[in-house]
Amino acid sequence: MHGESLPHAAAPFLGFARLLRHHAFAIAPEQVTSFMQAVTLLGPRSMNDIHEAALATLAPSPDRRSEFEAHFRGYFYGNAKPSIEGEEDEETRVKDDRGTREEESRTVRQEKGGELSSALEQLSSRDFQRDADGLGSFRRRLASALPARRSFRTTRTRSRGILDLRRSLSEIVSADGDIPAPLLRRRQTVPRKFLLLIDVSGSMKLHTADYLKLAHAAVQGADRAEVFTFGTRLTRITSALRIRDRDQALARASALVDDWDGGTRMGPTLLAFLSVPRFSAFARGAAVVILSDALERGDHADLETAIRRLSARAFRLSLATPLAGDPRFRPATAALRAILPVLDDLVDGSSVRSLTHFILSLARPAQAAEAIWKRVS
């Protein structure tokens with residue numbers, strides 16, 4: 001949406017949305033469109049109409065309502081610019097590969113802790129070397145191996161279905177009242193969505209290349225696979241990985257991601273993912289696999305909140321950590337202990353072989369992660 005193509009009277013409303021995005025409010029393009037449509041429907045007859053339209057469509061979170069009100073008064077009434085606590089903190093940036101625009105979302109705190117991880121943002125790029133990895137079999141088997149669900153769409157069947165009354169009556173009419181064999185339909189079974197969230201921070205540097213190759217095979221093998229990377233920023237790279245040639249796909253993904261081998265803000269970046277409605281919808285009813293060491297720095301409250309919210313949306317939520325490749329590994333950090341009861345799986349993510357074996361088994365039931373690790377400890 002560009003101001004040049006809008007009526008002159010609409011420019012202030014688009015400008016207000018841009019102001020909120022500048023101050024790290026998570027506002028999707030669809031919400032901006034809804035805001036302007038709501039203003040149009042309301043007249044508007046007064047500033048109160050504009051205020052109510054903004055609240056209903058831009059939907060500020062309760063903890064940022066006062067900040068929203070301050071920006072509204074400052075923008076539309078010309079009050080002095082409000083002083084907002086935390087305005088100078090670093091922000092989690094969200095990049096959608098559907099365009100080049102970056103969405104700023106949710107102010108995050110710099111935290112201390114985590115032996116191998118860092119919250120400092122360090123932007124860099126990556127090159128991925130060509131090699132053989134045997135992911136062809138995984139790609140071919142993935143669609144049939146994913147958990148399935150019953151779709152609301154139906155298909156014709158000769159048995160074990162429900163009567164397709166409309167088509168059966170049509171057949172009777174076309175047969176001049178004769179009663180042919182009844183036509184049946186049944187609901188289709190389709191694979192669930194598959195969502196990969198890949199940690200590209202410095203502590204995961206040794207595994208990033210393998211994870212991206214696995215992600216490319218997943219997107220090629222499953223129609224409804226989505227892939228995001230996170231470190232200090234969140235980036236959707238699905239469209240890049242849809243390129244059939246892997247080397248070209250990974251080169252495109254490398255250009256999209258700005259925070260290779262940098263710091264770690266796992267909790268805030270996952271919360272940023274959940275704060276964008278279109279992204280959050282990818283997780284609904286999906287098999288979600290997070291590839292990360294989960295070395296969250298300092299206070300893990302954001303991580304725990306994000307994992308709980310993600311678990312509530314997902315069909316199955318799994319964390320694959322390379323640390324679990326060590327037989328001595330135990331989920332002993334405060335962050336892992338906090339999220340373990342919510343996880344469906346906590347598995348070895350140290351190699352492509354272990355990951356492909358696990359992902360291809362997602363349709364099979366398994367004990368909860370907490371029960372398994374209690375036996376091991």
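Residue indices begin at 1 and follow the sequence shown.
With T305 contributing its side chain and A301 its backbone, the two residues share a donor-acceptor pair below 3.5 Å. Between the side chain of S311 and the main chain of R308, no donor-acceptor pair closer than 3.5 Å is present. Side-chain atoms of D245 come within 3.5 Å of backbone N or O of Q248 as a donor-acceptor pair. A donor-acceptor pair is defined here as one N or O able to donate and one able to accept, closer than 3.5 Å; no such pair exists between the side chain of R242 and the backbone of T238. With hydrogens and angles disregarded, no donor-acceptor distance shorter than 3.5 Å links the side chain of Y75 to the backbone of A17. Remark: side-chain polar atoms of R65 are not paired, donor with acceptor, to backbone N or O of P60 under 3.5 angstrom. Not one N or O on the side chain of D302 forms a donor-acceptor pair closer than 3.5 Å with the backbone of P268. Proximity of a side-chain donor or acceptor of H216 to a complementary backbone N or O of I243 within less than 3.5 Å is detected.
Side-chain contact between T235 and D258: absent, with no pair of heavy atoms (C-beta onward) separated by less than 4.5 Å. F35 is not listed as a side-chain neighbour of I27, based on a closest heavy-atom distance of 4.5 Å or more. Two residues are said to be in side-chain contact when any heavy atoms from C-beta on lie closer than 4.5 Å; R313 and V288 fail this criterion. Within the 4.5 Å cutoff, no side-chain heavy atoms of F279 are placed close to those of E226. Within the 4.5 Å cutoff, the side chain of I290 has heavy atoms near those of the L317 side chain. Two residues are said to be in side-chain contact when any heavy atoms from C-beta on lie closer than 4.5 Å; M266 and H300 fail this criterion. Counting heavy atoms from C-beta outward, L291 and L355 have side chains that approach closer than 4.5 Å. At a threshold of 4.5 Å between non-hydrogen side-chain atoms, the residues K213 and V352 do not count as touching.
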Step by step, work out the side-chain contact (heavy atoms from CB on, under 4.5 Å) result for K193 and R284. CA-CA 8 Å; K193 292 177 286 188; R284 189 171 296 115; 4.3 Å; yes

Before giving the answer on side-chain contact (heavy atoms from CB on, under 4.5 Å), spell out for L319 and I339 the whole-Å C-alpha distance, their side-chain angles and the decisive distance to 0.1 Å. CA-CA 10 Å; L319 173 63; I339 66 176; 4.2 Å; yes

Apply side-chain contact (heavy atoms from CB on, under 4.5 Å) to E69 and L55, showing your working. CA-CA 9 Å; E69 296 291 349; L55 282 178; 4.1 Å; yes

Run the numbers on L214 and I359 for side-chain contact (heavy atoms from CB on, under 4.5 Å), then give the verdict. CA-CA 10 Å; L214 175 71; I359 292 171; 4.0 Å; yes

How far apart are the C-alpha atoms of S350 and D348, what are their side-chain angles, what is the distance that settles it, and do they pass the side-chain hydrogen bond (donor to acceptor under 3.5 Å, both in side chains) test? CA-CA 6 Å; S350 62; D348 176 14; 2.6 Å; yes

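Considering CG of L256 and OG1 of T229, their distance stands at 8.5 Å, rounded to 0.5 Å. The structure places CG of L346 at 11.0 Å from CZ of R330, a figure rounded to the nearest 0.5 Å. Atom OG1 of T269 is separated from atom CZ of R265 by 9.0 Å, given to the nearest 0.5 angstrom. To the nearest 0.5 Å, atom CG of residue L197 and atom CZ of residue F282 are 11.5 Å apart. The CZ atom of F228 lies 6.5 Å from the CG atom of L195; values are rounded to the nearest 0.5 Å. Atoms OG1 and CD, on T57 and E52 in that order, are 10.5 Å from each other to the nearest 0.5 Å.
Separation of the F230 and F273 ring centroids does not fall under the 6.0 Å cut-off.
Considering only residues two or more places apart in sequence or on other chains, T321 meets the side-chain hydrogen bond (donor to acceptor under 3.5 Å, both in side chains) condition with none of them. With sequence neighbours excluded, no residue satisfies side-chain hydrogen bond (donor to acceptor under 3.5 Å, both in side chains) with S137. Qualifying side-chain hydrogen bond (donor to acceptor under 3.5 Å, both in side chains) partners for R316, counting only residues two or more places apart in sequence or in other chains: D345. Taking the ring-ring contact (aromatic ring centres under 6.0 Å, His included) definition, one finds that F68 meets it with F16, sequence neighbours left out. Partners of R328 by side-chain hydrogen bond (donor to acceptor under 3.5 Å, both in side chains), not counting sequence neighbours, listed by chain and number: D326. Applying the side-chain contact (heavy atoms from CB on, under 4.5 Å) rule to P44 yields the partners V39, D49, I50; only residues at least two apart in sequence or on another chain are considered. Evaluation of the side-chain contact (heavy atoms from CB on, under 4.5 Å) rule for P277 yields A28, Q31 as partners, not counting sequence neighbours. Residues passing the ring-ring contact (aromatic ring centres under 6.0 Å, His included) test with H357: none are found, sequence neighbours excluded. For A215, the side-chain contact (heavy atoms from CB on, under 4.5 Å) test picks out L196, I198, V227, L241, with sequence neighbours left out. Every residue two or more places apart in sequence or in another chain that forms a ring-ring contact (aromatic ring centres under 6.0 Å, His included) with F329 is listed here: W373.
Judged as a side-chain hydrogen bond (donor to acceptor under 3.5 Å, both in side chains), the pairs with a partner in residues 359-369 (not counting sequence neighbours) are, in order, Q367-R375. Judged as a side-chain hydrogen bond (donor to acceptor under 3.5 Å, both in side chains), not a single pair has a partner in residues 331-341 (not counting sequence neighbours).
Stacking of R149 on the aromatic ring of F315 is not recorded, the 6.0 Å distance cut-off and the 45° axial limit not both being met.
Enclosure of atom CG in D223 is not indicated, since only 12 or fewer non-hydrogen atoms of other residues, nucleotides or ligands lie within 6.0 angstrom.
D199 and S201 form a side-chain donor-acceptor contact under 3.5 Å, judged by distance and modelled atom types alone.
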